[in-house]
Amino acid sequence: MADPADTRDAILLAPIERTGRGFYWAVAILSLGVLWGAVAYAVQLDGGLGVTGLHQPVSWGFYVTNFVFFIGISHAGTLISAILRLSRAEWRRPITRMAEVITVMVLFIGAGQILVDLGRPDRVMNVIRHGRYQSPLLWDATSISAYLTASLVYLWLPMIPDIAILRDRLGKRKFFYTVLALGWQGTERQHKVLNRAIAVMAVLVIPIAVSVHTVVSFVFSMTLQPMWHSTIFGPYFVVGAIFSGIAALIVAMLIFRKAYGLQGYLRPIHFRYLGQLLLVMALLWFYFTFTEYLTGYYGGEVEEMKVFWGKFWGPFSLFFWGMVLANFVIPLFCLVRLERRTIGKVLTASLSVIVGMWLERFIIVVPTLSYPRLPFPEGIYWPTWVEWGETAASFALFALFYLLFTKVFPIISIWEIQEGREVGLKEVEERLLTYLPDTVEPEFTPVDRGG
Amino acid sequence: MALWGMVIDLDRCTGCQACVMACKAENNVPAVGPKEASRERIISWMQVLTEEDKEHPDGKLRFLPRPCLHCDDPPCTKVCPVYATYRDPEGIVAQIYARCIGCRFCMAACPYNAKYFNWHTYQKEGPGQNPDVSVRQKGIVEKCTFCHHRLQKARERALAEHREIEPGEYVPACAEACPARAIVFGDLSDPSSEVSKLARSPRAFRLQEELGTKPKVIYLTEGEARG
Amino acid sequence: MDRPHPLPDRTVKILQWAMAGGFILFVGAIVTWIIHLIRTAWWLRDVPSASIGISLVAIPVFLVLLGVVLYVFWGLLTDRSER
Amino acid sequence: MRVTRRTFLQVLGGTAGAAALARGQLTTTEQAGQNLERWATPEEVGVPSLCQQCPGGCGILVRTLDGEVAGISGNALHPINRGALCPKAFGGLQLLYDPHRLKGPMARDGKHGALRPIAWEEALRLATQRLAELRQQGLSHTVAILGGQYRGYRDTLWKRFAEAYGTPNYIRVRCLAPEHPALTHRLMQGVEAPLGYDLAQARLILSFGAGLLESWLGPVHGSLAFANLRSAGDRPRGRLIHVDPRRSQTAAKADRWVPIIPGTDGILALGLANALIRERLYDHEFVETHTFGFEDWVDETGQRHTGFKNLVLREYGLITVSRATGVPVKTILEVARDLATIKPAVVIGERGPSYGPDDLHTRMAIHSLNALVGNIGVPGGLMIQGDLPLTPLPPVAQDLAAKRGGARPRIDGAGLGEYLLVSDAPQALPERMLSRDPYPVNALFLFASNPLANHPAKEAFAKAMEQVPLVVSFSPFLDESSALADLILPDHTYLERWQDDQVTHLAGFTCFSLAQAAATPRHDTRNTADVVLQIAKTLGGSIAKSLPWKTFEALLHEGAQGLYEAGRGYVVSVHAEESLRKILERQGYWAPEFKTYDEFWQALLKRGAWWDPTSLPVGRNALLRTPSGKFEFYSTSLKRWVDEATKREGKTGPFVTALGGQDRGDLLFLPAVAISPAQEAEAFPLRLITYRLVTRPLGGGKNQPWLLEQPAVHVKTSWENWVEVHPETGAKLGISDGDWVWVESAKGRIRLRAKLYSGTRRDVVQIPLFGGKGPNPNDLIANEADLFRGFGLLNTTRVRIGKA
């Protein structure tokens, strides 16, 4: 069915075929950010973690915040795409690829944060040689590697038909595409195999994704520390992760929509649906935050309250209330009515949520460490240029990876769009009919995309 | 098997910091210098914490020497991803410096902030150091070991003389130095040892007892014994 | 399907199967690693139950992943030769 | 060898952990490593030595590995500290290994040239030549030796040298002169030997600002006594009451802290006396039979004199005292009752910086409390120090030049005029040196002293030093003073030299500590004691004859023989053995432990000290040596001095004027402290108190990073000095914690970081004598001396502070 002659979707191949000046500018700017991080890391390797603003007792700061944040963003992707796929939401077709790419790219960045955070990165192999499963860090290692593997597979499988198109249409990188296309010819059996595999992956990837952010939260909640030692941290982190993931996805979609002229594919309705999803997550996030803080406050345990007030009125209040504003108030205002100026509102909300979720991760990691239980001097943490550099570089590197990906693979799944046109329409109609009371029960036909 | 523990009598502690300095000399703990100190990076395995009675503005000042508490159920060893810190069979929470990857998870998990990080290379090997204790490199976590090397030496000595370790033969540097005799060290598994007796005192309490970490450093409250 | 397709040469085939092999190796390595961690924990009496518990979930997950991937490799690559 | 071993340890995995991990599966490399470790274990020797970081006199055990120092611990046998140490002791390691130590002798090219390294022979020749020249010119008295805080045979040596060479100017700078009894004790008890306090047995210690736990007679000894006061066995818990404007560590640990208006301690003591007398709580038996001047009395001329009792009852009513001192009446009464009812009780207030302008009468007032509760000459009270039975040295041979020079008046004026009762008056030194009164100084020797860092008139001192043609420093470090010296003959640090210590100011027992060099000298330095001996030898004649010993070690060897031959006392040993000996001795048995002096000497070196715990003359007769044989509330000896001075100098002579003039009448000889109306100084509304930190070693400890990094626990601070301000005072002045402030006195101003500390009075700011880099409170303090002790008035300066 992937008719090579079909030129309706030629625009999706355009970025791979041609490269404009904007691309080089973008790469140059992003490379500068990455360079900053590289210099910062070199300085850190040479001088030790002392070049950061970390100290006793705030021994975790930006890096761990970034770790949690990026791993959170990774939920954008695979999880959303898997849920949409499983729920047969037809509007998913132009979105899934973008989401899946985010996941894979950002997982690398997130896992990298841990490496940057290590005092002795040269000994990282000790985790392999001497790892112990009592430590939540090992749970993270296992869970993230499973998620990364699954996400890669889940990114690659639905891309095979597109790679075949590239192999057949594109002049360049033929060998590369040939190998990756796995001899895809679009036969019925191949379709069946692929669809079955994708379906299994979609089911498999959801628990893995949930597990990832649950065990990331366990890094904190397994300790006895005030405002960390909480049972709802698992779901709280997962909700936050999906929340920030959707926001990141929306921003990515909007950027590429503009850059690659994909307005025809990514239409306001997509953003409206995603905006509504974002709104739901904002409410859910608020619910969790409220529950989390209320339980702490109501219990009134002394150590807990030290941290609590530190966040509420203390030195972290700016971050805390900033987080509430960015994660709840702004999205709420932007997303309640989306009929008009959908794109602008959704973009504002998404950017706000990205900032807000980063603040949320920060406000979880740092204040607890800043208020030791014993009468130590309370430590205020402020990062140095090194941490800013690493953070900037992380964002830049992520964007750069993403950008480079779009130059090699189509960022919107061509065959799925085509499938939507050819099969989806009919199928939806049939499915819709089965929902209605006054129609004759049609014979149920399993989705057969082979046609 | 012995279970090493310590009792610190807060009624006697004068906050002089002899224990702190004795520890630094014994364990090659570096002074980090003015710049690093102002960044809150002083390494002090034994640290005297001060608490002011805020209720009464001119009220009491309390001193609390805090070594590693060598919890029987240590939150730090649980979270270590590489077995660089563990509780040994005699109850000492040990550190393996050559193993540590510097993730600082144990620092975050310790409710007593007993762990310290080498943010920079603070010292090289040099004269005046104790050769029984390795000089730590940058990027790793360190903490009080109850002067574990002293136990090893005492054990070797006892072994060579075909006898058991005698009470008082193994004492950490802080307890040895304390001019107010506030620190008592010994075997908690021996009910007749001085630490065991003191640990049963009505004045005895443990830090953050409610956390269930079961510290083996036991404190005696200030003032006279209550019933 | 209208256009004749050049037959994939041997290198492509080898590489594709090598990818499958690489994946087997990767999952094998992870499983070996997890078993190694169980063994270490056992020796050191360092909460082996935690390792075993996690391995009970982690190993099957990786094996399922391996299964899916191999299924795809097998399904797509062998299909062509049938035609 | 050491390095190899440690490297191996690191390969193995650092510490303990490696072995545990590898249990049951030692690889061959690891096995080899362990073998190597065993094989490479260096020879470990514990050398007894003496801590010289403060005058406390603690015995230490220096851990050496193949001769290299690897640690310091307390000498468990030493009677002063019994194995315990204070934080300063460990700084000794960093002192020894200070990378900035002088590597050898230095000489300056011309008066303003640069210092350059020089050979010892050359350096000694330079010094000796100059000394010989001056002596030849009849100017031997123009050589001044400024000695710091040390005692024992090094003091003996310098004293003999000064005497034989012919200069009266051997001037000591120190706040503690252990070989002299406190002036108060001399005036009221007539004793000629220092007093001891039986802190170990006291159940109540009432301290007037004496930093028992920080700085008083040695913090370790004080802390051990304090520990003893705390729950120990079956005895009831003792009480510590501390009177201090500042919540010091001692105040924080005291059962009761009595905050007081600075300088009014004497008035409070008299208020306590009032309460004791009014409530009839004083020791009637002691007061009636053993004191003089308590009741009103009539002298031989028939003149009526007011007694202490009526003075106190009339002038120091509780409300008056309470108003003057800021201590509530209730507190005064409660403290007085404690003092009278808890036995044995001891009142301390002897040492430490002066209380205020009328220091003498303040101290007399405090000391009279000891008489009122009758704890003189009883266990747990005041005792007299025994003498050390050291070999008497031959008298100094003085030739004509020496006699002539030694007879000249001292450059600092000590022993004359207003400084009549003072043995040293370093405060007066810079001014007199500058005015060349009564003669110019031609050579200045600085031994264990650094006046340019510590002298309140350091600018004047520096100027005075400029005028001295030859300044010789013996400092092992290039400190402020040696940086201006013409010749530096660096001493060993204390771990590298032979030395002794004669602790004669503590708990009553006599103690002689001996130390051989624990470490081989790290640099080309020499023990100053040996250098003095060599200079004497080169100078020849009667000087060489007076100092005939080849080395300092020989002098120590000769001196300690007296201990062996005394037929009493012991080389310190383990506690059980000592207890047995004590019991035997009480029954009249004393058996020598050693057959020969050589054995004795070897044991002394190995164990570190000799002491005599039993032969304490604790009887009251030994303690009451006044003409009347009684404790004198009315000091007849002070009266005699005043009468003599009046006869000599007239009524307006400097000594009488300094005392406050004859017009005070009897009050001059009684412990009467004038109650001055509260002064409102507008320009300088706050009073400055300086104090000594327990972490501050002699010489400031600039080269001891451990101590500088964690100097105190009551405020959060590191590496820099600070000023303590009460939070309310801070709020009033808009100063918050950690702000930079200017502290300004009439003399000058310094910039410090403010620390809000509630243990400060609202009208006081406190600056510790920090010793590290940066400004020093001495820059604020006027160069005033307490005329009776010769020590600077450190706590009378008024200041103002403001945000910098």
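The shown structure was predicted, so the numbers you read here are calculated from the model rather than taken from an experiment. Throughout, protein chains are lettered first and strands after them, A, B, ... in sequence-line order, and every chain is numbered starting at 1.
From A:Asn126, atom CG reaches atom CD1 of B:Ile96 across 10.0 Å, with rounding to the nearest 0.5 Å. If you take CG on A:Asp117 and CZ on B:Arg104, they are separated by 4.0 Å, rounding to the nearest 0.5 Å. Note that CG of A:Leu374 and CG of B:Leu69 are 7.5 Å apart. Values are rounded to the nearest 0.5 Å. The structure places OH of B:Tyr83 at 15.5 Å from CZ of A:Arg129, a figure rounded to the nearest 0.5 Å. Rounded to the nearest 0.5 angstrom, B:Ile42 CD1 and A:His55 NE2 are separated by 12.5 Å.
Interface check for chain A: of the options B:Gly102, B:Cys110, B:Ala108, B:Pro81, the most heavy-atom pairs under 4.5 Å are formed by B:Pro81. Each of A:Pro136, A:Pro57, A:Gly131 has some count of heavy-atom pairs under 4.5 Å with chain B, and the biggest count is that of A:Pro136. Between chain B and the residues A:Leu137, A:Asp122, A:Leu138, A:Val124, the largest count of heavy-atom pairs under 4.5 Å involves A:Leu137. Per-residue counts of heavy-atom pairs under 4.5 Å with chain A were compared for B:Thr50, B:Leu64, B:Asn113; the largest is that of B:Asn113. Per-residue counts of heavy-atom pairs under 4.5 Å with chain A were compared for B:Lys115, B:Arg39, B:Glu36, B:Gln208; the largest is that of B:Gln208. Between chain B and the residues A:Val127, A:Val58, A:Leu118, the largest count of heavy-atom pairs under 4.5 Å involves A:Leu118. For the set B:Leu207, B:Thr213, B:Leu211, the entry with the most heavy-atom pairs within less than 4.5 Å of chain A is B:Leu211.
For CG of A:Leu294, the number of neighbouring non-hydrogen atoms (other residues, nucleotides, ligands) closer than 6.0 Å is greater than 12. Around OH of A:Tyr297, the count of heavy atoms belonging to other residues, nucleotides or ligands within 6.0 Å does not exceed 12.
Put simply, the side chain of B:Lys138 gets close to the backbone of A:Leu45: a donor and an acceptor are under 3.5 Å apart. B:His120 places no side-chain N or O within 3.5 Å of a backbone atom of A:Gly48 that could act as its donor or acceptor partner. Not a single donor-acceptor pair under 3.5 Å links the side chain of A:Gln56 to the backbone N or O of B:Tyr116.
Residue contact with chain A, scored on non-hydrogen atoms closer than 4.5 Å, is absent for B:Cys76. For A:Asp46, the part lying under 4.5 angstrom from a heavy atom of chain B is the backbone only. Looking at B:Glu40, both its backbone and its side chain come within 4.5 Å of chain A, counting heavy atoms on both sides. In this structure, the portion of B:Thr77 lying under 4.5 Å from any heavy atom of chain A is its backbone and not its side chain. For B:Arg66, the part lying under 4.5 angstrom from a heavy atom of chain A is the side chain only. Looking at A:Val51, the atoms closer than 4.5 Å to chain B (heavy atoms on both sides) sit in the backbone and in the side chain alike. When heavy atoms are compared at a cutoff of 4.5 Å, B:Pro75 approaches chain A solely by way of its side chain, counted from C-beta outward. Contact of B:Ile43 with chain A is not made at all, since no heavy-atom distance falls under 4.5 Å. Of the two parts of A:Ile380, neither the backbone nor the side chain holds a non-hydrogen atom closer than 4.5 Å to a non-hydrogen atom of chain B.
Summarising the geometry of B:Ile140 relative to A:Arg123, their closest heavy-atom pair is CG2-NH1, 3.6 Å, with the distance given to 0.1 Å. In plain terms, the two heavy atoms of A:Ser135 and B:Cys80 that are nearest each other are CB-O, 3.4 Å.
Considering only heavy atoms from C-beta on, A:Ile114 stays 4.5 Å or farther from B:Cys103 through its side chain. Counting only heavy atoms from C-beta outward, the side chains of B:Phe105 and A:Thr223 approach each other to under 4.5 Å.
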Might you work through the side chain to side chain contact (heavy atoms under 4.5 Å, CB included) test for B:Lys78 and A:Met222, ending with a clear yes or no?
CA-CA 9 Å; B:Lys78 283 187 196 165; A:Met222 289 295 146; over 6 Å; no
